[in-house]
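Structure record follows, encoded as structure tokens.
Here is the naming used below: chain letters follow the sequence lines, and residue numbers restart at 1 for every chain.
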2 protein chains.
Amino acid sequence: MTNNTKDNGVPTLADVANYANVSTATVSRCLNSPERVGENTRKRVMKAVRDLGYAPNFGAQALAARQTNTVAAVIPTMENAVFARGLQAFQEELGRHGKTLLVASSAYNAELEEQQVRALVARGADGILLIGYDRTPEIYEFLAKQKVPTLIAWSFNPEEPRPAVGFNNRAAMADLARQVIGQGHENIACISAPTASNDRARERVEGIRDAKAKAGQDPKNLTVIETPYGIETGETAFRQVMTNAPQTTAIMCVNDVLAVGALRAAREMGMKVPNDISVTGFDDIEIATLAEPPLTTVHVPHREMGRCAADMLIQILKGDLIGHNLELATEIRIRQSLGPAPH
Amino acid sequence: MTNNTKDNGVPTLADVANYANVSTATVSRCLNSPERVGENTRKRVMKAVRDLGYAPNFGAQALAARQTNTVAAVIPTMENAVFARGLQAFQEELGRHGKTLLVASSAYNAELEEQQVRALVARGADGILLIGYDRTPEIYEFLAKQKVPTLIAWSFNPEEPRPAVGFNNRAAMADLARQVIGQGHENIACISAPTASNDRARERVEGIRDAKAKAGQDPKNLTVIETPYGIETGETAFRQVMTNAPQTTAIMCVNDVLAVGALRAAREMGMKVPNDISVTGFDDIEIATLAEPPLTTVHVPHREMGRCAADMLIQILKGDLIGHNLELATEIRIRQSLGPAPH
DNA sequence: TTAAAAAATGTAAGCGCTTACATTCAGCTC
DNA sequence: GAGCTGAATGTAAGCGCTTACATTTTTTAA
């Protein structure tokens, strides 16, 4: 046995240096800035790397170079197709730039989110992606103190100073509400996700109020039911609406999944959509077109958002602070679930 | 300014030690095995940690402790709900054990998968989760050489020696096929994902053949169309089947998404499901129940698989090599998309 | 009271890499 | 050929933490 690899298995930089008869500095340079090394030497070193099956030790590299090339994301859940898509694109783009993705999910729970953020930062994330603006100041302070660049996604509010890539939830929902109102609906109800620590949901609800106000309707006069994410919860919420406010002719849901639940409940209750009642969603995920009838909704470019988020975060990490804020456009998709108000 | 934190910002263990008037070893012990430190000292140190806002440096910790507490997963794509769910559960369970998840996706591309595996290992993954058995020996060798414990998920083959948690794709599909054949179908076609480097798809197709053989039908006589993942591709494949083999009365798809595409194509072509043709899926994701008509499919416990995968990997990392193989049960879900063969 | 055992804490040697700085040496210029 | 320049390479000092081992303090037992 040679004196390489210290007999314990995994070869180190020193083993490679030894094998190639150069110093560790040269090997390191070969790997990180090959142009600074003579051609012959480089070839010899590369051969050594291959022969030995060398791979750099991550911890050592991170320690010495003070960065991990790792980016973290904390999302509510991957089971929501919206985030799965965005995250997929985010990861792909990150990969293209040699960065790796660390993920955790908060289950829409602020406290858990805080833990996750801390854990990921402790894992050496160079930067972090967070969903929406809403969270305790403690997290933001922590991030600032640890000097971890942070990007917000899925929300965009021109008045917020933080770097963000997203869309104007409020304006988008207001647009959609305008369409609904345009169909003659006056008794609108809204099925929302819990708004307590979710600015996206909150803004969407406000968007409906904005549109109502603009149309001369009383913005206070809006039935809102809050319920967790899920098809079943959407069903239950629909029933609740019909009990509390039977005169309702249009139900606007803050996401497609709740809307699909509403659609299902309507069918079970023998109500025809859109003849008896109209239903709208938000996100435009696959089930929106699959639903019976297909769902009128707001199309959100989730993939693009993920990709842009990655690009922006990379920019920020590089120190290029340009383009700190990016607003993406959404689009109303009118489908059969919206019809004129019955009279 | 005190002589803490070296003026450069982030506090280190030494700063904490200094502030609390103990050695770095004591601080380290406070953090990692508090029971080995006297109560007063511990309190003092913890206060110092809080006062200084100390957080351990990941690289240093990884380097010194020779582990990152990070586990990696390479999945085909998060956009497939099946993996999104499993991964979500995987991550949750990992989190419960203080581990963090690194993810990458291969887009069902073997070469890309290899790169991703290397990248993740280079990022210090202590262990890795891979989907299915199929991949080049090089990857397995690399993993072995780097001593990275590996777990296979979504497949389970008692004859394979590698640790795995999954289900018997072949048997499950054979079960479903038996039901189809039981409805009198003889001209069965299959819409499959590309089988080249996907043992799950391959096994499912073989499962159909098994059932045919068992029922006295010729297993060779099975129309198989391979197509990438997607609703649209499922539609196209359906049309292809009806062109190539118009006598087909049942189409078995290797996943729900392709099946939904088939369903849609059938509707567009004016064929009634299940009167004119039966369609089945595999996975039992949400859209299976949402589809019109609801899809007969194989229910796979994706979440449970994710959770078990995490548990097993953690066991393996600990060195407990027990329970090296885990087979999960699947279940046939008969819904309206399957009916008797027309005569 | 005292020695031995146990508990608490300290000392310091790495972990494997990057990089500032030092050295060597070939190729120039004059 | 002396002096200079710049490319190629080497030397060695950390990076911030863990942990084996040494030392000190406290507890226990006889």
Side-chain angles (χ1 to χ4, degrees), chain A residues 4-46 48-49 52-69 121-124 126 146-147, chain B residues 4-46 48-49 52-69 121-124 126 146-147:
Chain A
N4 289 327
T5 75
K6 274 171 138 195
D7 254 18
N8 100 80
V10 191
T12 70
L13 236 216
D15 295 325
V16 177
N18 204 24
Y19 187 97
N21 240 288
V22 295
S23 70
T24 60
T26 300
V27 179
S28 176
R29 280 191 285 256
C30 263
L31 267 20
N32 301 314
S33 38
E35 73 285 355
R36 300 190 41 219
V37 174
E39 192 176 334
N40 287 340
T41 318
R42 196 188 324 146
K43 279 185 185 157
R44 196 149 32 90
V45 170
M46 288 319 201
V49 167
L52 263 35
Y54 168 77
N57 173 297
F58 176 70
Q61 202 165 289
L63 179 56
R66 290 110 192 289
Q67 62 158 341
T68 58
N69 282 318
V121 169
R123 285 291 184 279
D126 289 337
Q146 296 282 325
K147 311 208 169 133
Chain B
N4 289 329
T5 75
K6 274 169 137 195
D7 252 21
N8 100 81
V10 191
T12 71
L13 236 214
D15 296 325
V16 177
N18 204 25
Y19 186 98
N21 241 290
V22 294
S23 71
T24 61
T26 299
V27 179
S28 176
R29 279 190 286 256
C30 262
L31 266 21
N32 301 313
S33 38
E35 72 286 354
R36 300 191 41 219
V37 174
E39 192 175 333
N40 287 341
T41 318
R42 194 185 328 140
K43 278 185 185 156
R44 194 149 34 89
V45 170
M46 288 318 200
V49 167
L52 263 35
Y54 169 78
N57 173 297
F58 176 69
Q61 203 165 284
L63 178 57
R66 289 111 194 287
Q67 61 158 344
T68 59
N69 282 317
V121 169
R123 285 290 184 281
D126 289 336
Q146 296 282 327
K147 312 211 166 130

**OP:** Taking only the side-chain heavy atoms of A/Arg66 (C-beta and beyond), determine which of C/dT18, D/dT18, D/dC15 contains the nearest atom.
**Re:** D/dC15
**OP:** Name the closest nucleotide to the B/Ala64 side chain, picking from D/dC17, C/dT18, C/dG16.
**Re:** D/dC17
**OP:** Give a yes or no on whether the backbone of B/Ala20 and the side-chain of B/Arg44 come within a donor-acceptor separation of less than 3.5 Å.
**Re:** yes
From [atom1] of [X] over to [atom2] of [N], roughly how many Å is that when rounded to an integer?
X       : N      : atom1 : atom2 : result
B/Leu31 : D/dG16 : CG    : C1'   : 13 Å
B/Asn32 : D/dT18 : CG    : P     : 5 Å
B/Asn57 : C/dC15 : CG    : C1'   : 13 Å
A/Phe58 : C/dC15 : CZ    : C1'   : 15 Å
A/Leu13 : C/dT19 : CG    : P     : 12 Å
B/Gln67 : D/dC17 : CD    : P     : 16 Å

Taking the side chain as everything from C-beta on, heavy atoms only, tell me whether [X] gets closer than 4.5 Å to [Y].
X       : Y        : answer
B/Asn69 : A/Arg123 : yes
A/Met46 : A/Leu31  : yes
A/Asn57 : B/Leu63  : yes
A/Thr26 : A/Val37  : yes

Original post:
Listed by chain and number, what are the side chain to side chain donor-acceptor pair (under 3.5 Å) partners of B/Asn32, not counting sequence neighbours?
Top reply: B/Ser28
Please tabulate the protein-to-nucleotide N/O contacts below 3.5 Å involving nucleotides 9-12 of chain C, giving atom names and distances.
{"residue": "C/dT9", "atom": "OP1", "partner": "B/Thr41", "partner atom": "OG1", "Å": "2.2"}
{"residue": "C/dT9", "atom": "OP2", "partner": "B/Gly38", "partner atom": "N", "Å": "2.7"}
{"residue": "C/dT9", "atom": "OP2", "partner": "B/Thr41", "partner atom": "OG1", "Å": "3.2"}
{"residue": "C/dG10", "atom": "OP2", "partner": "B/Ser23", "partner atom": "N", "Å": "2.8"}
{"residue": "C/dG10", "atom": "OP2", "partner": "B/Ser23", "partner atom": "OG", "Å": "3.2"}
{"residue": "C/dG10", "atom": "OP2", "partner": "B/Thr26", "partner atom": "OG1", "Å": "2.7"}
{"residue": "C/dG10", "atom": "N7", "partner": "B/Arg29", "partner atom": "NH2", "Å": "2.8"}
{"residue": "C/dG10", "atom": "O6", "partner": "B/Arg29", "partner atom": "NH1", "Å": "3.2"}

Original post:
Should A/Gln61 be listed as having a side-chain N or O under 4.0 Å from OP1 or OP2 of C/dG16?
Top reply: no
